Protein chains: 2
Amino acid sequence: MTNEANTRQKILSAAGPIFAKRGYQKATVRDISVAAGVNLASINYYFGDKSKLYLELLRQARDHQGGGLDFPPVDGSIDAEELLERFVTVLLRKLGLGEEPNWQMKLLVNEFLAPSEAGRQIVEEYFAPYFESLLTIIDRIAGRTLSRAERLRRGFSVIGQCLHYRLASPIISMLAWQEESEGAFDVEPLARHIAAFSVAGIRGSLESATNVRQ
Amino acid sequence: MTNEANTRQKILSAAGPIFAKRGYQKATVRDISVAAGVNLASINYYFGDKSKLYLELLRQARDHQGGGLDFPPVDGSIDAEELLERFVTVLLRKLGLGEEPNWQMKLLVNEFLAPSEAGRQIVEEYFAPYFESLLTIIDRIAGRTLSRAERLRRGFSVIGQCLHYRLASPIISMLAWQEESEGAFDVEPLARHIAAFSVAGIRGSLESATNVRQ
DNA sequence: AACTATATTAAACGCTCGTTTAATTGCAAG
DNA sequence: CTTGCAATTAAACGAGCGTTTAATATAGTT
């Protein structure tokens with residue numbers, strides 16, 4: 001009993017970073033067992049199989065994804081534009097701009113981009129509330145009632161800009177090779193740009209939005 | 001001689017869609033040989049190994065990526081905002097919104113997101129000119145001279161919005177489940193939204209851009 | 001001390017993969 | 001007809017993978 005929780009926990013601790021770094025397919029149970037300092041067969045003994053271990057880690061990541069980088073509450077006391085910039089800042093940080101993201105966030109982002117059948121629901125449970133709070137910020141910036149489709153498109157425009165810096169980072173560093181761009185893609189200036197761009201975009205696309213058939 | 005080009009071509013034709021659909025890792029040489037109607041060993045006979053076949057296909061994709069969806073020339077005779085909307089429309093189509101993209105584009109996008117050592121240069125050669133032409137459109141919309149960093153950030157904001165619909169499509173269909181959103185994410189209305197959002201974003205972020213330290 | 005349920009271990013199983021081998025075919029040149 | 005070379009084939013190789021097994025060790029109970 002004293003050891004059950006022990007090796008089980010050792011497996012979980014070792015597997016998280018490995019799954020996050022290599023992805024589900026390329027992460028091998030042998031690597032995990034070695035990193036955990038436990039026998040190979042222990043993984044199947046405690047978790048049944050590789051996929052169940054992965055699912056357990058995904059649930060852990062959803063439930064307490066460490067880091068303390070939680071989005072500020074969306075209340076009425078703060079300027080909406082300021083709120084958006086904070087939202088973008090936190091999201092960029094969570095996505096790993098500036099520093100390495102923790103394995104929990106990596107796992108969730110991986111599932112976000114290529115959901116497995118089992119992981120789909122978990123990711124939805126994690127991201128949906130954040131996305132909805134972004135939509136309320138957008139409502140306040142727009143200043144008028146938007147249709148569901150209008151809100152979604154503006155929300156995706158914000159999220160898309162942020163995700164791009166995490167997804168296309170190899171290409172970005174290829175194109176942004178100049179020394180003059182020094183620091184231009186650090187979190188703070190980047191968040192300022194995305195927030196300013198988006199505030200103008202949200203407001204500016206309002207008049208034309210009424211003409212868009214949907 | 002009559003047969004050399006024959007089986008070689010059969011392999012190339014069969015391998016393209018398979019690599020595009022499954023990705024490099026999950027695509028197996030056995031699947032390819034069966035689909036091509038060719039002996040398993042022929043692949044190594046003609047191409048050396050799996051990675052060299054893949055590289056050959058990547059080069060093919062870069063050189064003549066079919067579909068006739070080329071971006072319109074960026075000349076001065078057309079309104080810059082109109083140009084941007086066309087650019088976005090073509091990009092969304094290339095990315096496979098609305099219909100299945102051809103395997104050439106899929107290969108290039110896959111490499112774009114997770115470049116292999118060998119493929120990195122090929123992807124850069126393909127995307128760089130398109131990206132630069134987007135930057136000139138942005139210049140005209142901005143109406144004043146931008147620094148390299150300012151141009152890049154605005155370019156990435158446009159590209160990021162477009163890519164998001166290809167990358168996060170599973171999540172998007174999860175969040176946009178409503179019937180009222182019917183048609184709101186088809187190519188044309190989506191392109192109109194992204195173009196309008198971006199034009200406003202490009203112009204609106206100009207005044208604050210001067211205050212951003214970089 | 002003997003028993004029992006649990007935990008750990010080394011080894012092997014069965015499968016898939018990319019690749020290689022060695023034999024055979026097809027065909028044009030001498 | 002025979003020689004020689006390119007092309008094709010069936011088969012196997014060897015490595016890596018997730019998983020299973022069967023034996024052993026450990027600790028709690030009576």
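Predicted model only: the values in this text are computed from it and were never measured. Each chain gets a letter, A, B and so on, in the order the sequences are listed, and its residues count up from 1.
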For this session: Decide yes or no for Tyr45(B) and Asn39(B): does some side-chain heavy atom of the first lie under 4.5 Å from some side-chain heavy atom of the second?
Result: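 Tyr45(B) vs Asn39(B): side chains apart.
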
Given atom [atom1] of [X] and atom [atom2] of [N], what is their separation to the nearest angstrom?
| X | N | atom1 | atom2 | result |
| --- | --- | --- | --- | --- |
| Lys10(A) | dT8(C) | NZ | C1' | 11 Å |
| Ile43(A) | dA10(C) | CD1 | P | 14 Å |
| Ile32(A) | dG16(D) | CD1 | P | 17 Å |
| Leu53(A) | dT19(D) | CG | C1' | 14 Å |
| Phe47(B) | dT8(D) | CZ | P | 12 Å |

Exercise. Quick one: is Tyr45(A) getting a side-chain N or O under 4.0 Å of the dT6(C) phosphate, OP1 or OP2?
Worked result: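 No, because none of the side-chain N or O atoms of Tyr45(A) sits under 4.0 Å from OP1 or OP2 of dT6(C).
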
Problem set entry | dA7(C) phosphate, OP1 or OP2, under 4.0 Å from Ser42(A) side-chain N/O |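 Checking dA7(C) against Ser42(A), no side-chain N or O comes under 4.0 Å of OP1 or OP2.
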
For this session: Could you run through nucleotides 17-23 of chain C and give me one letter per nucleotide, 5' to 3': B if any protein heavy atom sits under 4.0 Å from the base, S if only the sugar-phosphate is that close, - if neither?
Result: BBBBB--

For this session: Using the test ring-ring contact (aromatic ring centres under 6.0 Å, His included), find all partners of Tyr24(A) that sit at least two apart in sequence or belong to another chain.
Result: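 Checked Tyr24(A) against ring-ring contact (aromatic ring centres under 6.0 Å, His included); matches are Phe19(A), Tyr54(A).
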
Problem set entry | SB check Glu150(A) Arg154(A) (cutoff 4.0 Å) |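 Not counted as a salt bridge, because no side-chain N and carboxylate O are separated by less than 4.0 Å.
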
For this session: Among residues two or more places apart or on two chains, list those pairs meeting salt bridge (Lys or Arg N to Asp or Glu O under 4.0 Å) that have a residue in residues 41-58 of chain B.
Result: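 Every salt bridge (Lys or Arg N to Asp or Glu O under 4.0 Å) pair that includes a residue of residues 41-58 of chain B, provided the two are not neighbours, is Arg8(B)-Glu56(B), Asp49(B)-Lys52(B).
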
Exercise. Would you say the side-chain atoms of Thr28(A) and Asp31(A) include a donor-acceptor pair closer than 3.5 Å?
Worked result: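 Yes, because at least one side-chain N or O of Thr28(A) sits under 3.5 Å from a partner of the opposite role on Asp31(A).
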
Exercise. With no hydrogens and no angle check, do the side chains of Ser157(B) and His164(A) hold a donor and an acceptor under 3.5 Å apart?
Worked result: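 Short answer, no.
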
Exercise. How sharply is the helix from dA1(C)-dT30(D) to dG30(C)-dC1(D) bent, taking the axes over five pairs at either end and rounding to 10 degrees?
Worked result: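 Terminal axis comparison yields 30°.
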
Exercise. Can you list the residues that meet the side chain to side chain contact (heavy atoms under 4.5 Å, CB included) rule with Asp63(B), with sequence neighbours excluded?
Worked result: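 Here no residue qualifies.
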
Under 3.5 Å donor-acceptor pairs involving side-chain atoms of residues 115-122 of chain A, not counting sequence neighbours:
unit_1, atom_1, unit_2, atom_2, d
Ser116(A), OG, Glu111(A), OE1, 3.2
Ser116(A), OG, Glu111(A), OE2, 3.3
Ser116(A), OG, Gly119(A), N, 3.1
Gln121(A), NE2, Glu125(A), OE2, 3.1

